[in-house]
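Scroll down for the structure; my scribbles are underneath it.
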Amino acid sequence: MDKTFVFYCILFILIAEFILATVMNYLNAKRFKDPIPEDLNDVYNAEEYEKSQAYKLTNYKFGVFTSIFSLVLILAFLFFGGFAWVDNVAQNISENIIIQALVFFGIIMLGSDILNIPFSYYQTFVIEEKFGFNKTTKTTFLIDKLKKWAMTIIFGGAILSLVIWFFEWAGTNFWVYTWAFVAVFTLFMNLFYSKLIVPLFNKQEPLEAGSLKEKIENYAAQVGFDLQNIFVINGSKRSTKANAYFSGFGKEKRVTLYDTLINDLEEEEIVAVLAHEIGHYKRKHVIFNLATSIVLTGVMLFILSLFINNPEVSLAIGVDRPSFHAALIGFGILYSPISEITGLLMNYYSRKFEYQADDYAKTTYAALPLVTSLKKLSKNSLSNLTPHPAYVFMHYSHPPLIDRIRNLKA
Ligand SMILES: [Zn+2]
């Protein structure tokens, strides 16, 4: 392999991915004005429909702008020696390769995050604000940012240091040790994320006593799910958009319902959503996703071990002294077509699992309240009722509303 060849591979991948994403977004946007399927006629009234059209178009235009910005930024970095410059700063600070890597990634990640602040600020305080979704205050926005940085420094820094330490100690076999460590870390996070990380950002409380709790109690007892594991989170602190999710397994399993979901839906509808989430657990989707992500990490680390000692990967991004951290950046780009493909597969399974969870809710509870809740949630988030099938295939982790409703009514 020669460094110019690797450089052109990197260039080709970056541009091809940009074109693919742009074409997909364009195809999807062309369907914005398609007639709404008959089963979904009652989701929006005329005024809300107008608003949802405007929301889709605004997000589409904003997406085009941000993806062009990101592409130009990374190309400029590649062509004008950005990585070499950051590498020099890192080399001047310390002789130690772990510290060099921490400084190198620290500058790149902090730099790109700071450049992204105007975009996420605009998204939250202009777009989401204009359409009535935003509840985030500027203080929360700033504090969230600082907390996320602190977490990246602590967890990201520790993992990166350990990986390089494995590399120094075990050579290309580092991937086995890294894999074992990442697998344990992933399991730990899956189990304790709700207990350790979520409270840093949100308040979580058990369900309040009342008729909703009674209904949920009855349903949970019927399917053998412990009520202790159902929590309500204050999602309304940041947005009016509603959500619910399942996390963990074994003793640490839990369903989290957003307070916005509880405000937006009738009690039967909330139980139906909860039944759907419990369906994910009963059909073992959580375990499947966890196992798959651990296997995929192993595959990626193994391929990384084949490339890591190849100086051309560092040279191709313009860094003339090959190093683990420079090779990692080059590898990250070279590997992205593979992760696009594994992403497609994961989305495919995720959409299948959504039908399975819907079916579970339908058989153990009822289909109709789930149908009406899905319609309300779509309406309240101004979601797109006519996505392009190719766009769905690539990006959707949930089937389009019309398909889920047809399945529930079948
Ligand atoms: Zn689901």
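Order of appearance sets the numbers: ligands from 1, and atoms from 1 within every ligand.
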Pairing of K253 and D226 as salt bridge, 4.0 angstrom limit
no

Looking only at the aromatic ring of each residue, does the gap between the centers of [Y] and [X] stay below 6.0 angstrom?
{"X": "F69", "Y": "F119", "value": "yes"}
{"X": "F174", "Y": "F167", "value": "yes"}
{"X": "Y219", "Y": "F225", "value": "no"}

Could you tell me whether a side-chain N or O of T186 sits under 3.5 Å from a main-chain N or O of V182, the two making a donor and an acceptor?
yes

Could you measure the distance from the CD1 atom of I308 to the OG atom of S314? Nearest 0.5 Å is fine.
7.5 Å

Checked the Zn ion (ligand 1): protein N, O or S atoms closer than 2.8 Å come out as H276 NE2, H280 NE2, E354 OE1, E354 OE2

